[in-house]
2 protein chains.
Amino acid sequence: MNKADLVNMVSAATGETKTVVSSIVDKTIDTIVDSVVEGKKVSLLGFGSFEPRDRSARQGLNPKTGEKIAIPAKRVPTFSAGKLFKDRVQG
Amino acid sequence: MNKADLVNMVSAATGETKTVVSSIVDKTIDTIVDSVVEGKKVSLLGFGSFEPRDRSARQGLNPKTGEKIAIPAKRVPTFSAGKLFKDRVQG
DNA sequence: TGTTTACTAAATCAGCTTTGTTCATTGAAT
DNA sequence: ATTCAATGAACAAAGCTGATTTAGTAAACA
């Protein structure tokens, strides 16, 4: 399922036009990304939470050549699913 | 940031009422969760993708007592961030 | 609405490191 | 009423790493 499918389904479920749904979905994603970029966590109860996490530098290797390479420290976005989401996926 | 904050910000950014934004955000989350529950991946370009992943059974241990315990196999929801999200968080 | 264009995502190789997982409880928040 | 974060230890599993091709999505424009 891609974004177009998602918008269609939400539009059908809510009765709002695809245009409105699309703009809100886009802006919602923008807002979440912006917040994480600013270092703040976004918690959506039942769904999960997004937050930035710092990864320390480490040794890696090039799978093609096998030689060791230095991987610098970096900040990455993470998501951890909430209880409801986990329970529903687990069944 | 929680869901109420998110709805307020998206409402302010789009001009749609909080009621409309709230219903669309909720339904969007529902749709994503439903899709993952059905075993299908949800790909939102630039943001990331949600999909179920199977974890095999393994041995764990109770940190309190130190004794070994059996952790059963299970299915969990996962999210992997897209390039744009990563790039923006990294800076 | 339909088409083109440019860019992103998936898959692949293997080995090492980081991260997640386990229980229980308190406090905060939905 | 219910969920979430945090805490602490230690082990095992999952993921990250480069480079490339293919496939596919999204944005722009007429």
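Residue numbering restarts at 1 for every chain, and letters A, B, ... go by the order of the sequence lines.
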Between protein and nucleotides 14-17 of chain D, what N or O pairs are separated by less than 3.5 Å?
| from | atom 1 | to | atom 2 | distance (Å) |
| --- | --- | --- | --- | --- |
| D:dG15 | OP2 | B:R53 | NH1 | 3.2 |
| D:dC16 | O3' | A:R58 | NH2 | 3.2 |
| D:dT17 | OP1 | A:K74 | NZ | 2.2 |
| D:dT17 | OP2 | A:K74 | NZ | 3.3 |
| D:dT17 | O2 | A:L61 | O | 3.0 |

For this session: Evaluate side-chain contact (heavy atoms from CB on, under 4.5 Å) for B:S49 paired with B:K41, printing each intermediate quantity in order.
Result: CA-CA 7 Å; B:S49 57; B:K41 174 189 286 194; 4.2 Å; yes

Worksheet item: Does CE in A:M1 sit with more than 12 non-hydrogen atoms of other residues, nucleotides or ligands closer than 6.0 Å?
Response: yes

key: Lys/Arg-Asp/Glu bridge criterion (N-O < 4.0 Å) met for A:D34, B:R88   = yes

In whole angstroms, the gap separating P of C:dT19 from CD of A:E51 amounts to 12 Å

Query raised in the report: Heavy-atom distance under 4.5 Å between the side chains of A:L84 and A:F47, does that happen here?
Result: no

Taken to the nearest whole Å, CZ/B:F79 to C1'/C:dA9 is 13 Å

Practice problem: With the side chain counted from C-beta on, respond yes when A:P77 and A:P52 share a heavy-atom pair under 4.5 Å apart, and no when they do not. | Solution: no

_Donor-acceptor under 3.5 Å (B:T78 side chain, B:E51 main chain)_ = yes

For the residue pair A:F50 and B:F79, does the interplanar ring angle fall in the parallel (under 30°), tilted (30 to 60°) or perpendicular (over 60°) class?
-> perpendicular

State whether the side chain of B:Q90 and the backbone N or O of A:R75 hold a donor-acceptor pair below 3.5 Å, judged by distance alone.
yes

Students often get this wrong, so: under 4.0 angstrom with heavy atoms, is A:T65 touching a base, only sugar-phosphate, or nothing? nothing

Answer yes or no: is there a donor N or O on one side and an acceptor on the other, between the side chain of A:T28 and the main chain of A:I24, under 3.5 Å?
yes

A:K68 NZ to C:dA14 C1', in whole Å, measures 14 Å

Original post:
Below 4.0 angstrom from OP1 or OP2 of C:dA10, is there any side-chain N or O of B:K41?
Top reply: yes

The contact string for nucleotides 20-30 of chain D, one letter per nucleotide 5' to 3', using protein heavy atoms under 4.0 Å with B, S and - for base, sugar-phosphate only and none, comes out as -----SS----

Okay, side chain of B:S35, backbone of B:I32: is any donor-acceptor separation there less than 3.5 Å?
no

| message | Donor-acceptor pair, distance only, cut-off 3.5 Å: does the side chain of B:T31 make one with the backbone of A:L6? | response | no

Please tabulate, one pair per line, each protein N/O and nucleotide N/O from nucleotides 2-5 of chain C that are separated by under 3.5 Å, including the distance.
none

